[in-house]
Amino acid sequence: MDDPFIIAGQELGSRLILGTGGAPSPQVLDEAVVASGTAMCTVAMRRVDPGTSGSVLDVLVARGVRVLPNTAGCRTAREALLTARLGREALETPWVKLEVVADDETLLPDPVELLDATESLVGDGFTVLVYTNDDPILARRLQQAGCAAVMPLGAPIGSGLGILNPHNIELIVAEATVPVVLDAGIGTASDAALAMELGCDAVLLASAVTRAQEPALMAAAMADAVRAGRMAHRAGRIPRREHAKASSPTRGMAAL
Amino acid sequence: MDDPFIIAGQELGSRLILGTGGAPSPQVLDEAVVASGTAMCTVAMRRVDPGTSGSVLDVLVARGVRVLPNTAGCRTAREALLTARLGREALETPWVKLEVVADDETLLPDPVELLDATESLVGDGFTVLVYTNDDPILARRLQQAGCAAVMPLGAPIGSGLGILNPHNIELIVAEATVPVVLDAGIGTASDAALAMELGCDAVLLASAVTRAQEPALMAAAMADAVRAGRMAHRAGRIPRREHAKASSPTRGMAAL
Amino acid sequence: MDDPFIIAGQELGSRLILGTGGAPSPQVLDEAVVASGTAMCTVAMRRVDPGTSGSVLDVLVARGVRVLPNTAGCRTAREALLTARLGREALETPWVKLEVVADDETLLPDPVELLDATESLVGDGFTVLVYTNDDPILARRLQQAGCAAVMPLGAPIGSGLGILNPHNIELIVAEATVPVVLDAGIGTASDAALAMELGCDAVLLASAVTRAQEPALMAAAMADAVRAGRMAHRAGRIPRREHAKASSPTRGMAAL
Amino acid sequence: MDDPFIIAGQELGSRLILGTGGAPSPQVLDEAVVASGTAMCTVAMRRVDPGTSGSVLDVLVARGVRVLPNTAGCRTAREALLTARLGREALETPWVKLEVVADDETLLPDPVELLDATESLVGDGFTVLVYTNDDPILARRLQQAGCAAVMPLGAPIGSGLGILNPHNIELIVAEATVPVVLDAGIGTASDAALAMELGCDAVLLASAVTRAQEPALMAAAMADAVRAGRMAHRAGRIPRREHAKASSPTRGMAAL
Amino acid sequence: MTLTINGERVDLPDGSTLAELVTSWAPAVRGVAAAVDGAVVPRGTWTQVALCEGQQVELLTAVQGG
Amino acid sequence: MTLTINGERVDLPDGSTLAELVTSWAPAVRGVAAAVDGAVVPRGTWTQVALCEGQQVELLTAVQGG
Amino acid sequence: MTLTINGERVDLPDGSTLAELVTSWAPAVRGVAAAVDGAVVPRGTWTQVALCEGQQVELLTAVQGG
Amino acid sequence: MTLTINGERVDLPDGSTLAELVTSWAPAVRGVAAAVDGAVVPRGTWTQVALCEGQQVELLTAVQGG
C-alpha cells in the first residue's frame, strides 16, 4: 500500500528507526525492538569492557535488524571520521549515523564540523545518515555534500519536547533530494505522527521508547503512530477552517 | 492487551467512533467504515425522501456496526427530545448522540438547552452520549444529570483545527465518572493521537475522514492513531526536559 | 488618539483593570496602582475584622480610582445576589464584578448559576461586569441577559497560563455588543498585548502584578503592554506568510 | 530605570531598532521613525539612481538616528565584505548589519558563509551586528568570531510568524556574551514583547511596521511592546501553574 | 382528505391509516419513524392509526450525519 | 441579649441598635455594609434598627481581592 | 572612452576623474561610495583618480532596506 | 613490553600480535574494531600486526546508544 522506504538504494521494512540507548536491560531492549517492528537500530562505539559478556549486538542480530553505528560523543570531524571507520570495521557496514555535537549540555550539532565530517565520510565511501539541527540551509548543504539521509532534530536529544519548529521541518522536506528522518526530540506518539504528517520519510527515536515507563508498549505505540502519520500525509487532510462546517445535512429537518 | 472500552455496560470493539456525514457516496463510506475498524457510527434523522433508494443503514447494517442516531440541527431541548424519540423508534435503540447547538455558524452547543435536554432524555430512558463544549464545569453538570458519555469538542465541528485547549480536556478527563470521547475538531492523525494521550477514552470524527482526499486511507490512519495514542497514554511518556539528555553513554569514549 | 473605553456609559481612563488580591502590603499595592495607571480596581467583600486598621479602600480612594466590588467565593446565584447588594451598600456603587464559581480547585464559572445570577442582578438594577469562561455561546447569553461587560477568562485564575484558546476569544469579540474584558490567566506582558490584539477592549488582572517579584515594575509593563496591544490591533498587522518577503530591494545590487 | 542598552561600548537610547525597508514613502517612514522612538535604523546599499532626488538618509539624519548599513542581498562572504566596505565608506561608520543569505526564497542565512564573513569583517575592523538563524551553536561561533551583537531570527524575514522556536532563543540568551537582538519574523506587538521576555536585549523589525496598515501607529505599538517586554522580564513573572490559585481571600466569607 | 406530510400538502383517501401512508411513501419501512401532530407514533400501532383531515405527519429516516 | 455577629456569639445590652453595633465593631464605618438575618440593611436606617435576641448579623467590608 | 557605470556602458571624455563622474552621476554626493574594478575607492582620493577605458565603476548609496 | 590499551597501561610479552591481544581482551571478537596509534587496523591483518613498546591501542565494540 505504502511506497517503499529506501535509503541509498536499500529498502527498509519500517519507517521507525530505533536508537538503543537508555534501555534498562537487554531483555527490555529486545521486547522494544520486537514491539517497534523496526528494521534498523543505532549503536554507539565504546571501549571493550573485558568484564561484560553479551552485547547489544546479540539482541539485534537475533532479531535480524540492521545495525547502524553512530559517532555519538564526537566533537570534531576528525574524531567522527575515526569513530566511523572503527564502526565500519567492527560492524562490517559502510552506513553510519553521523553525529558531531558542540557540547554535552545542548548536544546540538556543530554546523561547521558537521559539514566537514560529512564531506570527509562521503569521500571515504561511507553511506552517511546525518543528524543535524532544523536549519533548512544546513540540510541543503549536507545534501550537496552527498549525505544519504538528512536527519533534523525536532528538539534537543532526550528532551521529549516534540517538534519545536514544524515550519523548518516543512521547508527541509519541501526541497529534500534524499530521505528526511526526524531525529531527536520525540516525546510521545502524537509527536511521531506529526513528523510524518509534515512529510518526513521516517522517524528515529530512542529515549521516548527506552526511557518510557513501559518501553515495549511505547514502542508499539510509536510503530502505529508512524504508520498513522504516514497514511494521513498521503490521504490529504481536510483544510483548517476558521469557522465550523456542518457534518449533518441542514435540509430535510422535521418541523417539530 | 488494552482494557475494554465500555459505554453504559456495552463493550465497543473500537475506540474510534465514525460520523457518517460528508461522505461523497455510500461506496466511499463503506470503504471508510471498513478501514476505520469502527464499531459504531452516527447518523442524522431527516425526512424520508420518496425518490431515494438505498440508505446509509444498508452500509452500516451490512458491516455490523452499531448505529447511533444524533439530534443534529436541534436548537432546543424540546426539539432534541422529539428527534431523539424518533431516532429511537426508527432505529430501535435507546442510545442517542445528543446535540443542541446555538446557531448554524459556530455549531457550538448551547449550554443551558443542552443540560435541560440531557435531563429530559435521561428521564425518558435514553442512553445519552452528549456533545458538549470543553468547559469542565458543564461536563461535570452533564455527568451529574446522568449522561452515559461526555463528548467535549476539540475545536468547532468540521474546522479541523485539532484540540485548541488541551488543558480543558485534561481537566475533564481528570474528574470524569463516565467515558470521555473527544468529538469534533480533529483534522489529522496526530490530533486523534493527542486526544488519547490526554486521557480520552475514544475519539469521534466525521469530516476528517469523509472529506479527506482519500477517505479510506485517512480512516486507516485514524484507526492507527487512536491505538497509538491510547498505548502511549498507558505506556507513560518520558517527562519534558528543558535540557538535552544523552542517549549514548558518555563513558568509554576512545582517545582518538 | 485611541477611542474612549466606555462601560455602561461611563468612560474609564485606562484599559487595564487591576485586581487588588495578592498584594503583600498596602504599600506595594499603592505602588502597583500608580504604576499601572489603572482607573478601576476590584475588591472582595469579607467580614469586618475588628483588629485591623486601615483598608484597601484608603489606597484606592487616595489614588482616585473607581472601586469595583466582586462576588468572589460565591457558588450560587443567591449568594452572589446578596454579596452584590452588600457591596453596593458598602461602596455606594451599582457596579459589580460578578463571579459565581463551581469549586475552589478550578475556580471556573458555573454557567448555569452565572446566567441566573446575571439575570437577577440586572433585574435588581446592577451594572454587571461578568467573569465567564471562554464559551462564545455563554457570552452571548450573558449579553442577552443584560450584562454591561463580558469578561472571559484566558486561563484559570492565577494560573498565569495566558490565553489558552485565542480562537474562542476572537469569536466572542466578533459578535460582542458590550465591551469584552480578558479576565484571568494573564501571566506576563505579551499575554496582555495578545488579548488586546485579539480585539478585547480591556484586560483585568491581579496575580500577574501583585504576585510578581516586582509588582510595581510589572504593573508598568502591563500598562505598556495593553497600550501596545490596543495600538497594534488598530494599526492592522501584516498578514502571516508561509514564505519570506524581502525587506531590502532586490534590484540595484552592485556587480561585485 | 532600565539599565542602558549598549553595543560595542555605544549606548543606544532605544531597544527597538527599525529597518527602513518597505515604507511606502519617505513621509510615512519619517512618521514611523518618530513614533518608534528608535535610535538606529538599517539601510541597504544600492546603485545610485540619477533620477531620484532626496534619500532615506535625509529622513534619518534629520531625526538624528544612527544609520546602520546592511549587506542585504549578499550570498557570499566576499560580496558581503565588499558591500560592507562600501557602506562604511558611504556612511562613515564601522558598524554593519551583516546578512549573508542562501537564496531569495527563504532569505535564510547561510551558516558557513556567514561565519566566514563575520571573521573577515571583524578582521577588517568592522563592528559586526550579525543576522543569523536561531541555532545556538552558530550564535556561539559567531560570538567567538568577534561579532558585537548576535541577531537571531524569530521566523523568516517578512513572514510575520513571530518567534517559531522560543526555546532556541532562550538557549542563545542564556550563554550570550554580547547583546542579543531578535531580528526578523516579528508580526505584531505581542511578538516583540515576547522576544524581550525571553531575555533579548533588543528587537529589530521592518516589515511589521513599514507594511502595517498604519505604520506610525504600529511603530508606537512596537515601542510600547518592547518596553513592556523588557520590564516584564526584569519584574519576574509569576510561575505557570496547572491549577487555579484564588486572588480573593477564601476566609472571612459571610454566612449568607 | 388533505394532510401535510413532511411539509407537503397531500390528498389521501378517507380512512387511510398511518401504516398505509408509510408503505406508499417510504422506499423501505426499515429505519423509518413517524410523528403525527408532534407526537411520535410507535411502529406497532401504525395499522390502527387512522389519519384525519389536516394532520401534520412527519416521516423520518436515518441519513448520513455527524 | 445574645446575637451572632460574623459567626461569633456576642452579648449586647438590650435595645442596642445596629448603628451602635457597627460603631463598636468596625474600625471605620466607611465601606461597611450590614445584613441582619440574611437581609441587607441600608446604612441610612441603622440608627432605627433595634437588634433582637438571636439575630444573625453580618458586617462586611472591602478587602483586597480578585 | 567607454566605461561601465552601474552596469551601463557610458562614454566619458578622456581624463575624467572619479570625482567628476560622481558629481555628474549622483543627485547628492552625501552617502555615496564608489568602487572601481571591484575595489573601494576612498572618498578623499576621488579627485586624483583618473578613469580609464573599460573600467567597471560602481556608485552606491543608501536606500530603504533591512 | 608496556602498551596503553583503552587508556590502561598493560604489560604484554614481547612479540605479541594484535590478534592475540584482542582474543585475550575482548569477550567476543564479533563486533570489535582496533586502532593502533590512532589508525584503524583491518581485522584481516591482526595476526600479522606485531605490537610494540609504548603503542596506544584502542579496542572498541558496539554498545547501546543513540
Side-chain angles (χ1 to χ4, degrees), chain C residues 19 21-22 44 46-47 49 70 72-73 79 82-83 86 104-107 156-161 187-190 193-194 197 206-208 211-214 217-218 220-221 224-225 227-229 231-232 234-250 252-254 256, chain D residues 19 21-22 44 46-47 49 70 72-73 79 82-83 86 104-107 156-161 187-190 193-194 197 206-208 211-214 217-218 220-221 224-225 227-229 231-232 234-250 252-254 256:
Chain C
R46 293 293 182 267
R47 284 171 166 171
D49 176 352
N70 69 25
E79 286 173 16
L82 252 168
T83 303
L86 285 161
D104 290 343
E105 287 62 47
T106 68
L107 294 177
I157 292 172
S159 67
L161 293 175
T188 184
S190 54
L194 174 59
E197 288 165 354
S207 303
R211 295 191 166 114
Q213 288 174 35
E214 294 187 33
L217 186 55
M218 186 59 88
D224 279 350
R227 201 159 39 236
M231 286 191 284
R234 294 171 54 232
R237 61 157 292 158
I238 55 173
R240 290 178 178 77
R241 308 164 50 90
E242 276 314 289
H243 298 296
K245 179 175 171 62
S247 56
S248 294
T250 48
M253 292 288 297
L256 301 172
Chain D
R46 293 292 182 268
R47 283 170 166 172
D49 176 351
N70 70 24
E79 286 174 15
L82 253 167
T83 303
L86 285 161
D104 290 343
E105 287 61 49
T106 67
L107 294 176
I157 291 171
S159 67
L161 293 175
T188 184
S190 54
L194 174 59
E197 289 164 353
S207 303
R211 296 190 165 115
Q213 288 173 36
E214 295 187 33
L217 186 55
M218 186 60 87
D224 278 349
R227 204 161 34 239
M231 284 190 285
R234 294 171 54 233
R237 62 157 291 158
I238 55 173
R240 291 177 177 79
R241 308 164 48 91
E242 276 314 288
H243 298 297
K245 178 175 171 62
S247 56
S248 294
T250 48
M253 293 286 297
L256 301 173

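For the numbers below, each heavy atom of this structure counts, side chains included, while hydrogens, waters and symmetry mates do not. Convention: sequence-line order gives letters A, B, ...; per-chain numbering from 1.
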So which of D:R227, D:E242, D:R211, D:R240 has the biggest tally of heavy-atom pairs under 4.5 Å with chain C? D:R211
Winner by heavy-atom pair count (cut-off under 4.5 Å) against chain C, out of D:G187, D:P156, D:A206: D:G187
To the nearest 0.5 Å, what is the distance between CG on C:L161 and NE2 on D:H243? 10.0 Å
Could you give the distance from OG (D:S248) to CG (C:N70), rounded to the nearest 0.5 Å? 4.5 Å
Need one label for C:E105: side chain, backbone, both or neither, based on atoms under 4.5 Å from any heavy atom in chain D. backbone
Looking only at heavy atoms and a cut-off of under 4.5 Å, which of D:G158, D:A212, D:P239, D:A228 has the most pairs with chain C? D:A228
Counting only heavy atoms closer than 4.5 Å, note whether C:A225 contacts chain D via side chain, backbone, both or neither. both
Over all atoms of both residues, closest heavy-atom pair of D:K245 and C:L107: C-CD1, 3.9 Å
Heavy-atom pairs under 4.5 Å with chain D, option from C:S190, C:G160, C:G21, C:G19 with the top count: C:S190
Under 3.5 Å, side chain of D:R46 to main-chain N/O of C:P249, donor-acceptor pair present? yes
Give the member of C:A208, C:G236, C:A254 that has the highest number of heavy-atom pairs under 4.5 Å with chain D. C:G236
Rounded distance [0.5 Å steps], OG in D:S207 versus CZ in C:R237: 11.5 Å
Which residue out of D:A189, D:S159, D:G22, D:A193 racks up the most heavy-atom pairs below 4.5 Å with chain C? D:S159
Please identify, among C:L82, C:L194, C:I157, the residue contributing the most non-hydrogen atom pairs under 4.5 Å to chain D. C:I157
Rounded to the nearest 0.5 angstrom, the CD-CZ distance for D:E214 and C:R234 is 7.0 Å
Whatever's closer than 4.5 Å to a heavy atom in chain D on C:T188 counts as both
